[in-house]
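The structure appears right after this line, and notes come after that.
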There are 2 protein chains.
Amino acid sequence: MDLPEGVTPAGTRGRILHAALKLFAEYGFFGASIRDIAREVGINSATLYAHYPAKEHILAELIQLGHEELRQRMREAAADAGPDPADQLAALVRAQVLVHTDYPLLALVANHELHAISPDRAAPALALREEARQLLLTALDRGVAQGAFDVPDVGLAGIAIGSLGLRVANWFGPDQPYTRDQVADAYVGFALRLAGSPLPRG
Amino acid sequence: MDLPEGVTPAGTRGRILHAALKLFAEYGFFGASIRDIAREVGINSATLYAHYPAKEHILAELIQLGHEELRQRMREAAADAGPDPADQLAALVRAQVLVHTDYPLLALVANHELHAISPDRAAPALALREEARQLLLTALDRGVAQGAFDVPDVGLAGIAIGSLGLRVANWFGPDQPYTRDQVADAYVGFALRLAGSPLPRG
DNA sequence: GTCTATAAAATGATAGAC
DNA sequence: GTCTATCATTTTATAGAC
């Protein structure tokens with residue numbers, strides 16, 4: 001499915017989330033109307049308001065779900081990997097890539113439609129994003145300090161590595177030949193090379 | 001300015017383009033109304049229709065402008081660089097990064113709002129994008145064939161390198177400490193490393 | 001080219017019956 | 001929880017005067 005299991009609401013509320021996710025990903029928040037979402041679910045548009053007080057709340061829940069999934073996977077990756085900076089970086093990149101291969105629509109909406117909700121409602125998601133960003137930067141900093149990495153600028157390297165994984169949501173899908181694990185393996189290698197890790201050859 | 005000089009229309013038509021670019025970048029095509037654009041320009045909304053037959057045509061012109069600028073710079077970069085694959089790759093990445101640092105709003109709109117125009121109107125821009133993509137892939141292929149590059153998969157390497165530059169439009173701006181040339185230099189190094197070029201150290 | 005005025009449709013949201 | 005019906009606004013776009 002398009003949304004993580006377990007954390008996604010059941011029943012009509014869950015079906016609304018799935019429908020809104022599909023439409024927001026394709027047309028954007030303002031490009032998909034309340035009536036479009038209701039039609040996709042197969043209910044009347046008025047029924048939506050028995051589940052969400054406003055259209056914006058549907059988007060806000062999707063954005064929150066997406067960022068929570070990213071944060072959780074990045075946290076677990078960092079915790080499960082050993083202390084070696086290269087292992088940390090590899091685990092974090094793999095986790096980031098796999099979130100984006102597993103939930104590309106959710107990642108697109110979470111990253112792209114943040115401007116459509118109020119700053120109050122965006123703040124919790126931004127905090128989760130910042131936490132994930134810090135995990136990556138910490139691994140890079142530690143690697144540079146230990147001499148395991150060699151980068152011209154840690155900040156730019158962090159941005160660059162983060163950009164790689166983020167963008168996966170834009171092109172990964174059934175129309176391309178790579179499996180999720182092929183992409184993850186390749187991108188881990190790219191990230192280690194980008195960080196100047198002496199080990200990997202292609 | 002936010003749009004390339006020379007190719008951008010003069011007079012009211014140009015001011016409409018600038019206003020629409022700003023608003024589409026911030027709120028998306030459907031999130032910015034005809035009246036919003038007119039207010040930004042300082043004219044009545046009806047006056048817009050003396051310059052464009054529909055809202056969609058404004059976006060289509062922005063998308064076309066953005067892709068033409070990318071294609072032109074990538075072409076020139078490939079032509080001006082020597083035949084060496086590493087030089088080619090370096091020149092192409094530099095060109096791609098600098099397009100995105102120089103016109104971040106245009107790049108955001110051109111890449112992000114493509115879904116909001118009809119396939120007919122999107123096709124020319126997609127052709128330009130494909131041309132730029134082929135320049136990158138050709139450099140990678142030639143480098144691999146000559147042994148100058150070493151990648152696990154040329155397609156994934158091309159996607160990854162392209163992703164790096166594309167994403168620059170999302171974060172580059174006055175609120176961050178890097179100059180356009182610092183970013184370009186760093187990203188050229190990242191791309192060469194990612195491609196497995198034996199030369200660069202950080 | 002620019003304006004005022006307005007048409008025709010779509011939008012987010014609510015009221016109230018079942 | 002779901003529906004029918006509807007409200008109040010906003011939307012894209014046009015008509016016609018200047």
Side-chain angles (χ1 to χ4, degrees), chain A residues 3 8-64 109 112-122, chain B residues 3 8-64 109 112-122:
Chain A
L3 286 168
T8 306
T12 304
R13 192 175 163 110
R15 288 163 60 217
I16 292 171
L17 277 182
H18 277 97
L21 174 59
K22 173 184 169 183
L23 294 172
F24 291 164
E26 184 162 1
Y27 304 108
F29 178 72
F30 296 109
S33 76
I34 283 288
R35 284 171 179 77
D36 293 332
I37 299 169
R39 192 183 314 118
E40 179 79 20
V41 178
I43 59 176
N44 189 279
S45 65
T47 305
L48 286 173
Y49 292 89
H51 301 275
Y52 291 93
K55 183 187 175 187
E56 186 184 331
H57 288 69
I58 307 176
L59 175 59
E61 182 160 346
L62 288 171
I63 290 175
Q64 189 65 16
V109 169
H112 194 107
E113 306 296 334
L114 247 179
H115 66 284
I117 61 176
S118 71
D120 280 3
R121 262 187 281 278
Chain B
L3 286 168
T8 306
T12 304
R13 194 175 162 108
R15 288 162 60 216
I16 292 172
L17 277 183
H18 276 97
L21 174 59
K22 173 184 169 182
L23 293 172
F24 290 164
E26 184 162 0
Y27 304 107
F29 177 72
F30 296 108
S33 76
I34 283 288
R35 284 173 178 77
D36 294 332
I37 299 168
R39 192 182 314 117
E40 179 79 19
V41 178
I43 58 176
N44 190 280
S45 66
T47 304
L48 287 173
Y49 292 89
H51 300 275
Y52 292 93
K55 182 187 175 187
E56 186 184 330
H57 288 69
I58 307 176
L59 175 59
E61 183 160 347
L62 288 171
I63 290 175
Q64 188 66 16
V109 169
H112 194 109
E113 306 296 334
L114 246 180
H115 67 282
I117 62 176
S118 72
D120 281 2
R121 262 187 280 278

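In what follows, every heavy atom counts, from backbone to side chain, and hydrogens, waters and symmetry copies are set aside. Please read these numbers as outputs of a predicted model, since none were measured by experiment. Chain A is the first sequence line, chain B the second, and so forth, proteins listed ahead of strands; every chain is numbered from 1.
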**Message:** So, taking the atom named CG in Asn44(A) and the one named CD1 in Ile34(A), what distance separates them when rounded to the nearest 0.5 Å?
**Reply:** 11.0 Å

**Request:** Work out which heavy atom in Ala116(B) is nearest to a heavy atom in Leu59(B); give both atom names and the distance.
**Result:** CB-CD2, 3.7 Å

**Request:** Write out all pairs satisfying ring-ring contact (aromatic ring centres under 6.0 Å, His included) with one or both partners inside residues 18-54 of chain A, taking only residues at least two apart or from two chains.
**Result:** Phe24(A)-Phe29(A)

**Ser33(A) side-chain N/O to dA10(C) phosphate OP1/OP2 under 4.0 Å** = no

**Asked** For dT2(D), does OP1 or OP2 lie under 4.0 Å from any side-chain N or O of Thr12(A)?
**Response** yes

**Asked** Taking CZ from Arg15(B) and P from dT2(C), how many angstroms apart are they, rounded to a whole number?
**Response** 8 Å

**Message:** Rounded to whole Å, how long is the line connecting atom CG of Asp36(A) with atom P of dT11(C)?
**Reply:** 6 Å

**Nearest-angstrom distance from the residue atom OH of Tyr27(B) to P of dT11(D)** = 13 Å

Taking only nitrogen or oxygen atoms into account, show me every contact under 3.5 Å that the protein makes with nucleotides 3-8 of chain C, one pair per line with its distance.
unit_1	atom_1	unit_2	atom_2	d
dC3(C)	OP2	Asn44(B)	N	2.6
dC3(C)	OP2	Thr47(B)	OG1	2.6
dT4(C)	OP2	Asn44(B)	ND2	3.1

**Asked** Rounded to the nearest Å, what distance is computed from the OH atom of residue Tyr49(A) to the C1' atom of nucleotide dT4(D)?
**Response** 16 Å

**Asked** Under the salt bridge (Lys or Arg N to Asp or Glu O under 4.0 Å) rule, what pairs show up with a residue in residues 42-59 of chain B, not counting sequence neighbours?
**Response** Glu56(B)-Arg121(B)

**Prompt:** Got a sec, which residues hit side chain to side chain contact (heavy atoms under 4.5 Å, CB included) with Glu40(B), two or more places apart in sequence or on another chain?
**Reply:** Ala19(B), Lys22(B), Leu23(B)

**Item:** Terminal axis angle for the helix from dG1(C)-dC18(D) to dC18(C)-dG1(D), five pairs an end, nearest 10 degrees
**Value:** 0°

**Request:** Return the value, rounded to whole Å, for the distance between atom CZ of Arg39(B) and atom C1' of dT10(D).
**Result:** 12 Å

**Item:** Atom pair CD1 (Ile63(A)) and CD1 (Ile58(A)), whose distance is rounded to the nearest 0.5 Å
**Value:** 12.0 Å

**Message:** Which heavy atom of Glu61(A) sits nearest to which heavy atom of Pro9(A), and what is that distance?
**Reply:** OE2-CG, 3.3 Å

**Fill in**
Ordered by number, residues from residues 50-60 of chain B within less than 4.0 Å of DNA chain D (heavy atoms) are Ala54(B), Lys55(B)

**Fill in**
To the nearest angstrom, the CD1-P distance between Ile34(B) and dA13(D) comes to 6 Å

**Message:** How close do Leu114(B) and Ala122(B) get, counting heavy atoms only, and between which atoms?
**Reply:** CD2-CB, 3.5 Å

**Prompt:** Do you know the tightest heavy-atom contact between Ile16(A) and Leu48(A)?
**Reply:** CD1-CD2, 3.4 Å

**Request:** Hey, could you give me the CG/OG1 distance between Leu17(A) and Thr12(A), rounded to the nearest 0.5 Å?
**Result:** 11.0 Å

**Complete:** Minimal heavy-atom distance between Asp36(B) and Gly31(B), with the atoms involved, is OD2-O, 4.1 Å

